[in-house]
Every structure is written in C-alpha cells, then in structure tokens.
Amino acid sequence: MALTLSQTGIAQTQTINAWHVTQSVDAFTGTNAYDITISGSLTVIGPLTATASAANTAFIASNPSTNTDFTLVFKNSSGALGDYYQLAADGTNGPYYNPSTNLLGGLGGLTVSGSIGRFTSITGSLLGNVNGTASFATSASYATSASYADFATAAGLVSSYYVPSGSAVSVAGLLKIFAGAGKTGVTPPYTSVVTVSPLDLTGKTLNQSLFLGIAPSQSGATVSVTLSSPSSITFVSNVASTDFTFVATYI
C-alpha cells in the first residue's frame with residue numbers, strides 16, 4: 001500500500017527532522033511509493049511518463065473536419081479490455097482515419113468510407129450486397145460462373161432488352177452471358193463439343209434467344225455452331241485443329 005506525506009511534527013517552534021524533508025524527496029523521485037493528491041492545476045515542463053493504471057479518465061478532443069490521415073492506435077495486447085495496457089500504432093503504412101472525408105484506410109489494401117468501398121484484392125468469401133460500375137471489372141475471368149452475374153443495377157450497364165432476328169420490336173428479358181474456348185478435331189468434319197453444364201439451354205434458339213460470337217485464331221478459318229443438347233454446343237470449322245474462343249449471350 002502506498003504511503004502518504006505526513007505533517008506530523010511540523011509546527012512552529014518544533015525541531016525539523018531529516019525525515020520531514022526526505023519523505024517529499026522519496027515521493028517525487030520514486031524511491032518509495034506515495035499517494036500524491038494535487039488540488040488545482042498542474043503545469044509540467046518536459047516529458048511525463050506514467051502507467052495506464054494511474055488514469056481512470058481519458059479526455060478525447062473533438063476533431064470532425066480536419067482533412068488529414070491520422071494513424072489509428074490500438075491496445076498493445078490481446079488481453080481482455082477490462083485491464084490496463086499500453087497503446088500502440090503501426091508506424092509503417094498502418095491503418096488511418098480521415099475525419100474530413102470519413103475515410104478508413106491502410107487495412108491491407110482495403111479503403112472504406114460511409115458509402116464507398118474499394119478492394120484491391122479479396123481472399124476468401126465475400127458476403128453481402130455489392131454495387132458498382134462496369135469500369136471496375138477488367139476481365140470476365142473474375143466471374144467463375146454466369147450465375148454470379150444475373151443482372152445489372154442500372155440499365156446502362158447491361159441492357160435488359162433484345163431484338164429478335166427479323167423483328168424491329170424489342171423484347172424485355174433477363175440477359176445472361178458465358179464464355180469459353182475450344183479446339184476442333186484433326187479429321188473431318190473438324191468438330192469440337194463444348195459442355196456448358198450446369199447451364200440449361202433448353203428451349204434456346206440460335207440467333208433468337210441464344211447469341212454466339214466466335215473468334216478463330218487461325219487465319220482464314222471459320223467456325224459454325226449448332227446446339228447439341230441443352231447442356232452442350234457443337235462447333236465445326238472449315239480446317240483442322242482450329243483454336244477458337246466464344247462469348248454467348250442468352251435470354
């Protein structure tokens with residue numbers, strides 16, 4: 001238990017002993033533990049070092065508008081919040097918060113605000129709703145299945161209408177897309193059967209409800225297409241061993 005400074009024996013006409021003075025020296029040099037109570041204000045010139053256990057009240061400044069990235073601090077221990085611990089900060093490109101832009105960043109490439117989230121990469125699963133613009137999707141390879149992109153949030157991104165062959169009247173519907181590649185055989189009729197399962201093309205008609213864009217890699221090669229079944233498409237080339245890619249849109 002900490003000691004307290006004593007005035008015992010300190011009075012007019014009394015003898016001042018050494019301990020009357022040394023108790024104060026011991027208290028302020030840390031030689032012995034004393035409880036010090038200060039009434040009024042305290043001005044400190046120079047550094048002040050203390051332990052968190054000595055502070056049960058914290059004063060937090062209000063700063064709602066400064067346009068500066070401030071480094072975030074965290075409790076420097078994995079212990080329970082009920083104890084006292086040292087505060088720490090990541091001094092090398094650590095997490096920060098900007099009170100003016102309401103932006104939280106520096107979290108391993110993740111930047112988040114009240115209405116905007118930008119991801120440089122995602123490892124693992126992503127849950128929830130994500131809205132954005134097509135300019136942020138640089139490659140179709142990031143969509144493993146057409147089932148992950150059923151519709152757009154704005155009509156300007158993916159049209160929800162198409163015009164059937166031989167008609168000038170647009171028809172409303174939900175457009176979906178898938179893509180792939182193949183290589184035709186070495187003997188006539190130079191075919192390649194591409195399986196699109198688990199997609200179901202039942203009832204789809206080429207150039208009516210299913211549209212295919214085909215790009216052969218060989219110069220002078222052409223590739224035609226027929227629907228083999230609701231789960232596969234047959235490609236036929238005019239020359240052997242023709243590499244090709246295709247993009248299909250259906251409704």
Side-chain angles (χ1 to χ4, degrees), residues 109-111 115-251:
L110 174 64
T111 302
S115 59
I116 300 174
R118 299 184 181 92
F119 298 86
T120 58
S121 64
I122 299 175
T123 301
S125 60
L126 176 64
L127 301 177
N129 299 322
V130 178
N131 295 328
T133 64
S135 60
F136 288 96
T138 59
S139 172
S141 63
Y142 290 95
T144 58
S145 169
S147 63
Y148 286 91
D150 287 340
F151 59 93
T153 58
L157 301 182
V158 177
S159 174
S160 59
Y161 293 88
Y162 78 107
V163 180
S165 178
S167 173
V169 179
S170 61
V171 178
L174 185 63
L175 294 179
K176 297 184 180 181
I177 188 171
F178 62 94
K183 185 174 184 177
T184 59
V186 296
T187 58
Y190 311 133
T191 61
S192 173
V193 178
V194 176
T195 300
V196 296
S197 178
L199 298 180
D200 186 357
L201 302 179
T202 300
K204 306 304 178 186
T205 303
L206 283 173
N207 301 321
Q208 290 287 340
S209 55
L210 175 64
F211 310 92
L212 278 163
I214 307 171
S217 61
Q218 286 91 330
S219 177
T222 62
V223 177
S224 59
V225 62
T226 59
L227 292 181
S228 305
S229 71
S231 60
S232 63
I233 301 175
T234 298
F235 297 86
V236 182
S237 64
N238 62 334
V239 295
S241 303
T242 299
D243 293 295
F244 63 91
T245 59
F246 69 90
V247 176
T249 304
Y250 68 98
I251 189 168

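Computed from a predicted model, the values in this text were never measured in an experiment. For the numbers below, each heavy atom of this structure counts, side chains included, while hydrogens, waters and symmetry mates do not.
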Flag the pair Phe246 / Val223 as yes when at least one side-chain heavy-atom distance between them is below 4.5 Å, and no otherwise.
-> no
Asn238 to Thr222 - nearest heavy-atom pair and separation = OD1-N, 2.8 Å
Of all the heavy-atom pairs spanning Leu206 and Thr226, show the shortest one and how long it is.
-> CD1-CA, 4.1 Å
Pairs of donor and acceptor atoms involving the side chains of residues 212-220, under 3.5 Å and at least two apart or interchain, shall be tabulated with distances.
unit_1 : atom_1 : unit_2 : atom_2 : d
Ser217 : OG     : Asp243 : O      : 3.2
Gln218 : OE1    : Asp243 : N      : 3.0
Gln218 : NE2    : Ser241 : O      : 2.6

Residues at least two apart in sequence or cross-chain that pass ring-ring contact (aromatic ring centres under 6.0 Å, His included) with Phe244, listed by chain then number, are Phe235
Any ring pair (Phe, Tyr, Trp, His ring centres under 6.0 Å) involving residues 187-206? Give me the pairs, sequence neighbours left out, ordered by first then second residue.
-> none
Residues, nucleotides or ligands: over 12 heavy atoms within 6.0 Å of Lys204 NZ = yes
Which pairs count as side chain to side chain donor-acceptor pair (under 3.5 Å) when at least one residue sits in residues 192-201, sequence neighbours excluded?
-> Asp200-Thr202
Is Thr184 reaching over with its side chain to a backbone N or O of Thr242, donor-acceptor style, under 3.5 angstrom?
-> yes
Which residues pass the side chain to side chain contact (heavy atoms under 4.5 Å, CB included) test with Val236, sequence neighbours left out?
-> Thr191, Ser224, Thr234
Working to the nearest 0.5 Å, report the span between CZ of Phe178 and CD1 of Ile233.
-> 4.0 Å
Non-hydrogen atoms of Val196 and Ser232 that approach each other most closely = CG2-N, 4.0 Å
Search all heavy atoms of Ser209 against all heavy atoms of Gly203 and return the closest pair with its distance.
-> OG-O, 4.0 Å
